[in-house]
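Each ligand, and each atom within it, is numbered from 1 in the order the structure gives. These figures come from a predicted structure and were not determined experimentally.
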Amino acid sequence: MSNKNKGSFLKPFKSLKYIGEKPVTIRVPYEERPTAERYRGFHLNDWEKCIGCGTCAEICDNEAIKMIEIPYLKEEPGKTNKRPSIDYGRCCWCGLCVDICTTGSLTMTREYTHIDEGLDSFYILPTKEGIHKVDFPLGYVADEKVNFLDLERVEMQQLTVEERITSFVEIVKGYTKEEAIKEASRCVACGLCTEVCPAHMKIPEYIQEIWEDNPYGSVENMYTENPLPGVCGRVCTHKCETVCSIGHRGEPVAIRWLKRYAVDQLSVDQIKEIAHIFEGGKKQKKVSIIGSGPSGLSCAYYLSVMGYKITIYEAKPLAGGVMRYGIPNYRLPDKALDKDIEIIQSMGVEIKTNTKVGEDITIKEIKDKSDAVFIGTGFSESRSTGIKNVDKPGCFRALDLLAKISRGEKIELQRKVVIIGGGNVAFDIARSIARLQKTEFGEVGVHLTCLEKRDEMLADEDEIEEGQEEGIVIHPGRSPKEVLLDENGKLKGLRTVKCLSIFDESGRFNPKVDELDIEDYEGTMVVEAIGQAPNYDYLGKDILDRLEIVRGRILTDEYGRTPIPWLFAG
Ligand code: SF4
Ligand code: SF4
């Protein structure tokens, strides 16, 4: 070593100049080391925002997060009573859980010190108070620009207003394979949607199969809970999407459109193969079903899977009930419905059409031929407002008109039509009439009025928006008062008054109106679309006297049994 590198022998004494200065060493834990702005310290979780989806636990490679059931938290649609707990013996502070959190409830503070001899204290259930309930500045939060979740839905191609307004061709065109896989990739498989789906379909499972480009496997997962997936993939009310965890920070996964995609990829024969997988042994017993709507057909499929011999009695010329005679083709094309029905028939289900129970055959005759009878006639008749003059010529009920239009029959079409009602059926008839008017007269003249305010309307938002695009004028918050007639007794419009509230304090339907706030809508045709009611007259008095009917539904036990041993309903 050369003398040059040795330095001066006075060098150690130079450090004396620091005597009296503040020490650089931080006396942890008595002093806090300052942290960076996006420091990853202990977690915070806002339990109000957290929905217990478990996505944070799912992404954690170290298995540091476990979902813990909190008994005193209330479970509600789209929200479980579980909350994530974190084991800091395993956590590597990567922050992936924060990045992926579907609601943004999970964040990190800049607090990083915890000293304790007990190992259990390193296992915590983060709340928004923090580990030591001390106020620390927020550290790492999900970066909205670099999102782990894909928050934007893949739009489905559809006909333009000009293309669709003169036709009953289905509006949406369906996903391509690439679009479906991309949309399926947005699902985090939390399963919150399954709880809300009335059929409790295996939604994350069938979406996963689509993501793996396996529509066959996807449809297999559908038939265990729903034998009408082609119909549901088009017109189900998709309540599941209202609770989709992705919807908290972005657009919910297009669950309904993904179902439609998978079913449309398979031929009838492929789906028949799937539908038959679940078949059990044959039974000698026979079950008759009245009505071939959604409940009748579903009942027929699952009973035939169990081996029963099924006969359905249908009053109309074709099977499908409200799906065929109530929903316009631009929403549910016949070919999609026919496909689902053909598969159910392939199970050996016999459908006797043009057979009205009570007229062509009695309930007693049906009972004598069967071991059990299921009532699946549903809500098949339109209700009326009962307002003045609503029984005059020119006034119609929505379901009657929709049935005629679906059969291609001519209706007494007018240039100016007023629809009463704000639900999906009201929009079905309004949009059907708009198409007929545009084709015949070159212009749309439909006014739609309902009790609900615009943001309370019962129809799907898509229906309302698309209806408006097609030229339907909406008058929300109005109560129908009377059908107006001219001096010759001919229909000339509808008088409405302002609706102040719809339900009373006890939640009963009891609209309050302002009689002085009057609006008239011109029209030579009025259509009521305020809801549907069942008609069980065909059962006869003896049977009806033994049944309890609440809000139009026959009361049954959890197995669909009525007090009459051979009679079931659902
Ligand atoms: S991802 Fe977010 S919302 Fe879901 S359980 Fe974890 S903290 Fe709660
Ligand atoms: S569709 Fe939405 S709610 Fe359903 S499992 Fe996927 S992310 Fe969860």
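Side-chain contact of H276 with Y223: a donor-acceptor pair under 3.5 Å is absent, judged by distance alone. The closest side-chain donor-acceptor pair between D99 and Y140 falls under 3.5 angstrom. E179 and Y261 share no donor-acceptor pair across their side chains, judged by distance under 3.5 Å alone.
In terms of protein heavy-atom proximity, atom 4 (Fe) of ligand 1 is closest to C53 SG, 2.4 Å. Scanning the protein for heavy atoms near atom 3 (S) of ligand 1, the closest one is T103 OG1, 3.3 Å. The shortest contact between atom 8 (Fe) of ligand 2 and any protein heavy atom is with C190 SG, 2.3 Å. Protein heavy atom in closest approach to atom 5 (S) of ligand 2: G191 N, 3.2 Å. Of all protein heavy atoms, the one closest to atom 7 (S) of ligand 2 is V188 N, 3.4 Å. Nearest protein heavy-atom neighbour of atom 2 (Fe) of ligand 2: C244 SG, 2.4 Å.
Below 4.0 Å from some heavy atom of C50 lie the following atoms of ligand 1, by number and element: 3 (S), 5 (S), 7 (S), 8 (Fe). Of all atoms in ligand 2, numbered sequentially from 1 with element shown, those under 4.0 Å from a heavy atom of I255 are 1 (S). Interface atoms of ligand 1 facing C101, defined by a heavy-atom separation under 4.0 Å, are 1 (S), 2 (Fe), 3 (S), 7 (S). Near G54, the atoms of ligand 1 lying under 4.0 angstrom from a non-hydrogen atom of the residue are 4 (Fe), 5 (S). The distance from ligand 1 to the heavy atoms of S105 drops below 4.0 Å at these ligand atoms: 2 (Fe), 3 (S), 7 (S), 8 (Fe). Each of the following atoms of ligand 1 lies closer than 4.0 Å to a heavy atom of I51: 3 (S). Heavy-atom proximity to S245, at under 4.0 Å, picks out these atoms of ligand 2: 2 (Fe), 3 (S), 7 (S), 8 (Fe). The ligand atoms of ligand 1 that sit less than 4.0 angstrom from a heavy atom of N45 are 7 (S).
Atom CH2 of W211 has 12 or fewer neighbouring heavy atoms from other residues, nucleotides or ligands inside a 6.0 Å radius.
Counting only heavy atoms from C-beta outward, the side chains of L451 and F509 approach each other to under 4.5 Å.
Between F427 and the choices D462, I474, I419, D460, the side-chain contact (heavy atoms from CB on, under 4.5 Å) rule is met once, by I474.
A distance-only check finds no donor-acceptor pair linking the side chain of T103 to the backbone of H248 [under 3.5 Å]. At distances below 3.5 Å, not a single donor-acceptor pair connects side-chain atoms of S218 with backbone N or O atoms of E209.
Residue A189 touches ligand 2 through its backbone alone, judged by heavy-atom distances below 4.0 Å. Of all the heavy atoms of T194, none lies under 4.0 Å from any atom of ligand 2, so neither backbone nor side chain is involved.
At a cut-off of 2.8 Å, C187 is counted among the residues with an N, O or S atom near atom 6 (Fe) of ligand 2. Backbone or side-chain N, O or S atoms of C56 reach atom 6 (Fe) of ligand 1 at under 2.8 Å.
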Carefully, step by step, assess E470 and R431 under the rule salt bridge (charged side-chain N to carboxylate O under 4.0 Å, His left out). CA-CA 8 Å; E470 289 164 8; R431 296 179 69 187; 2.7 Å; yes
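A cation-pi arrangement is present between R435 and Y330, with the terminal nitrogen or guanidinium carbon under 6.0 Å from the aromatic centre and inside a 45° cone about the axis. Geometric assessment of R110 against the ring of Y39 yields a negative cation-pi assignment under the 6.0 Å and 45° thresholds.
Using a cut-off of 4.0 Å between Lys/Arg side-chain N and Asp/Glu carboxylate O, R454 and E461 are scored as salt-bridged.
Within the structure, the closest approach of M67 to ligand 1 falls below 4.0 Å when heavy atoms are considered.
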